[in-house]
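Every chain is numbered from 1 and lettered A, B, ... according to where its sequence line falls, protein lines coming before strand lines.
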Amino acid sequence: MSDMGKVIRSGERVALSHYSLDAEQWEAMLAAPGATLPLLSCWADEHRVYVLLLKGDCPLMASTAVEDRRYLAPSSRFPAAEWGERVAYDLWGVEAMGASGEGQPALDEGVWEATWPLSSRPGPGGQAARPVPGRTVLPAEKSGLTGPLELSFDVVRGRVQAVSVNAGLAHRGVLHRMIGLTPEEALPLVSRMTAGGFVAHPVAFCRAVAQARGLQPGPGVRDCWMILLEIERMSVHLFDMARTARAVDAGLLATHCEHAREAIAFACAEQGVSRRLTDLVRCDGFRAGLEIVPLAQAVVSAMQPRMAQLRELQSVFAPRLKGLAVLTPTQAREFAVGGLVGRASGRSLDVRRREAGMRLDALRSTGSSEGDGAARDALRLNEIRDSLALIQRILGSIGMDDDEPAPEATQEGIGAAEGARGDIWYWVRLRHGKIEAVQARDPAVSLLSVLPDILKGELPEGLPAALRSLALSPSGVAM
Amino acid sequence: MSVFQKTGPLSVLHAFMDASRWRASADKEASVHNDMISLYVLETGGCEGCAMEVESLCGSAFALDRYGFRRVADPADADWLLVTGAMSRACVQMLERVWNAMPPGKSLVAVGACAVDGGVFGSGYATIGGLRALTQVRRSIPGCPPSPQDILLGLQRLAGR
Ligand code: SF4
């Protein structure tokens, strides 16, 4: 076990993968010799600060008490923790000591009714820092994304430098709304966390809830969720490819991607479910009446014949995306960028590979280390191919039992799902059947921390194409 | 031109021809309109579900222009502003900026439940709860999200077509 892992496990185990550390252990974790475990998420409230890490392919979580509204900053060791620290300050007014960043607001644009709105001592609103004059701004409505995200940057010799991201425009305070609800009552909110994860967010949440309750979804539910995830993956990859293609004038590729995505939606609607698979996932399985086999078959039939042409067009237009918005393998590792973007930059994390019952032989795609727009697009298509293969493999042995044991019920659970845009994680703590605490981690968050490095050196007019190629979702970032 | 030289020209040509064959929606009966209505789309802090469906409608799988609508990239060219999302407090300024940039005679259309009253997100410290908190919402298209077909039908209804 790594030294960092050992330090964490020296704390008090409060749930399956969660260790409570005292101040000394927390400090020791941040200074532990040896490799740094990849950080999935960092968050804090008035009482505790948490880090969710990855040990091998399993989650490992550590937390410690917040004292006098302060805690030792995880970003001193995990650069990607900075975003969570800034969010915690904006929402709760708790401060990270020794943080790596400049402490800019993350979500609070200065227009909320209160400062630190979730704190027991909120202040008057309108106190956040205003934009620095003299910087070039890419306003949210021109970012090229489907959600509001504003960038400000300097232009040096015609190229973008020193990017800062204003993500608060998309913040809705969804997690806070879930507190005090039963998981079933909270599910409609989770099901609208971000449109790229209409399936993946609820699956990750329901897996966390099942763990907290000491339940193990049966093989039928497991396979149904897997199929829904793959249908969503294909549809979202096609959307992201089409949007990127439009930004680089590859209209023909965009057209075929749009038609293919629409064909999937049409097949879903014909099978009696919503076009984007909304509200199908339930805490105990799936919506009554869902016929997963004919749905899967209809989607495969709609998609399969289009693959050869999509492949051809993708390779024709690939040169237009060469060198666009490069995420190097080192950056991907350092900022623990997962999902498709991470896999196109040499990081092989795919949480599907750790799932019980996964038909691993269908996941053939090996990723890339180029890390640019062309690599991401090629990978999207490879993953669509794998999704089709995976769905067919599941259909061949649907409901196959694997005797996965149920976990112990600790009222706390962690769940993950590999969404189209990356690994989604939920942590929930229940009390008397209601949600006492919850945290969600969308893959967009890990991208956010490294975005300034990725966009550095791009042409200002190339930013929308770059952002689309990264498939950054503001609703996922800000929640 | 370079595209044709570098790769199999026939397959790309087929792709051009196939583009309409693969269209999933049935829009063959749509009539040609001379009085185009220009749409500008603004997402204001929802889950992006409605925005993505509007995006689909504006893409090539639907022949929006055959129904007398076109999407524009500049609010100064727009007749109607289509708003999606729950209207975060931070987005109000953006809405004002875009609305003010539109020429006189403009209309506001709320697309999806969030844009009307905040939908599933309601109002809170970060959201005001849709356009209803700012103005009377006279034109809206329900759904969470509405499908591109629903949005198109809603637009046609609002245009009196
Ligand atoms: S109405 Fe529904 S789909 Fe549309 S933005 Fe709101 S939550 Fe998302």
Side-chain angles (χ1 to χ4, degrees), chain A residues 107 109 111-114 117-118 139-141 145-148 166 168-174 176-177 188-189 191-196 198 239 242-243 246 251-256 258-263 265-266 269 274-276 278 302 306 309 312-313 315-317 319 473-475 478, chain B residues 2-4 6-8 11-12 14-16 18-25 40-56 59-62 73 75 84-86 88-95 97-98 114 118-122 124-127 144-145 147-149:
Chain A
L107 303 176
E109 304 286 320
V111 292
W112 293 348
E113 280 177 338
L118 305 186
E141 68 271 24
L145 296 172
T146 46
N166 173 351
L169 295 149
H171 180 63
R172 290 147 283 153
V174 192
H176 176 63
R177 287 182 165 272
L189 287 164
S191 303
R192 295 295 184 280
M193 202 62 92
T194 178
F198 277 151
F239 180 82
R243 296 270 296 156
R246 291 248 170 253
L252 192 55
L253 173 59
T255 295
H256 280 259
E258 286 160 355
H259 287 197
R261 175 166 149 88
E262 198 49 39
F266 192 72
S274 68
R275 294 161 41 86
R276 306 299 182 206
T278 44
R306 296 164 183 268
Q309 205 147 54
E312 175 78 27
L313 290 170
S315 66
V316 166
F317 291 107
S473 155
S475 56
Chain B
S2 58
V3 159
F4 282 78
K6 276 186 205 150
T7 62
S11 58
V12 175
H14 280 137
F16 269 114
D18 272 357
S20 61
R21 179 164 78 88
W22 284 127
R23 183 169 281 165
S25 60
Y40 187 85
V41 185
L42 193 68
E43 160 67 26
T44 63
C47 77
E48 300 173 37
C50 292
M52 285 169 75
E53 289 297 52
V54 173
E55 204 62 47
S56 293
S60 57
F62 297 85
T84 62
S88 72
R89 291 178 192 276
C91 279
V92 173
Q93 219 181 8
M94 174 175 72
L95 175 75
R97 185 167 66 225
V98 168
C114 279
V120 70
F121 306 117
Y125 68 87
T127 53
C144 181
S147 67
Q149 290 90 343

Under 4.5 Å heavy-atom distance to chain A, tell me which part of B:Glu55 shows up: side chain, backbone, both or neither. side chain
Under 4.5 Å heavy-atom distance to chain A, tell me which part of B:Val98 shows up: side chain, backbone, both or neither. side chain
For residues A:His171 and B:Phe121, establish whether the separation of their ring centroids is below 6.0 Å. no
By a 4.5 Å heavy-atom criterion (distance strictly below it), what part of A:Arg192 contacts chain B: side chain, backbone, both, or neither? both
Name the option with the most non-hydrogen atom pairs under 4.5 Å to chain A; the candidates are B:Pro145, B:Gly85, B:Pro75, B:Pro148. B:Pro148
Greatest number of heavy atom pairs closer than 4.5 Å to chain B - which of A:Met193, A:Arg246, A:Arg243: A:Arg243
Toward chain A, the part of B:Cys144 with a non-hydrogen atom under 4.5 Å: both
Of the listed residues (A:Ala269, A:Gly196, A:Pro474, A:Gly251), which shares the most heavy-atom pairs with chain B below a 4.5 Å separation? A:Pro474
Is any side-chain N of the basic residue among B:Arg89 and A:Glu113 closer than 4.0 Å to the acidic one's carboxylate O? yes
Measure A:Leu118 against the heavy atoms of chain B and call it side chain, backbone, both or neither at under 4.5 Å. side chain
Approximate separation, where rounding is to 0.5 Å, of B:Glu43 CD and A:Leu145 CG: 11.0 Å
Spatial distance of atom OG1 (A:Thr146) from atom CD (B:Glu48) [nearest 0.5 Å]: 4.0 Å
Non-hydrogen atoms of B:Tyr125 and A:Pro117 that approach each other most closely: CD1-CG, 3.5 Å
Could you check whether any side-chain heavy atom of A:Glu141 comes within less than 4.5 Å of a side-chain heavy atom of B:Arg97, counting everything from C-beta outward? yes
Please look at B:Met94 and chain A and tell me whether the side chain, the backbone, both or neither of the residue comes under 4.5 angstrom of a heavy atom of that chain. side chain
Nearest 0.5 angstrom please: A:Leu252 CG to B:Ser60 OG, how far? 9.0 Å
Does any backbone or side-chain atom of B:Ser147 lie under 4.5 Å from a heavy atom of chain A? Answer side chain, backbone, both or neither. both
Looking at B:Val120 and A:Leu189, what are the two nearest heavy atoms and their distance? O-CD2, 3.5 Å
Determine the option with the most heavy-atom pairs under 4.5 angstrom with chain B, choosing from A:Ala170, A:Pro148, A:Ser274. A:Pro148
For A:Arg172, the salt bridge (charged side-chain N to carboxylate O under 4.0 Å, His left out) test, sequence neighbours excluded, returns none
Only pairs of heavy atoms separated by less than 4.5 Å count here; which of B:Ala126, B:Ala73, B:Ala51 has the most with chain A? B:Ala126
Give the minimum heavy-atom separation between B:Ser56 and A:Arg276, together with the two atoms involved. OG-NH2, 3.2 Å
For B:Ser88, check side chain to side chain contact (heavy atoms under 4.5 Å, CB included) against everything at least two apart and list the hits. B:Ala90, B:Cys91, B:Thr127
Start with the C-alpha gap between B:Gln149 and A:Arg275, add the side-chain angles, then the distance that decides, and say whether side-chain contact (heavy atoms from CB on, under 4.5 Å) holds. CA-CA 11 Å; B:Gln149 290 90 343; A:Arg275 294 161 41 86; 3.6 Å; yes
Which bit of A:Thr278 comes within less than 4.5 Å of chain B, counting heavy atoms only: side chain, backbone, both or neither? side chain
Minimal heavy-atom distance between A:Ser475 and B:Cys47, with the atoms involved, is OG-O, 3.4 Å
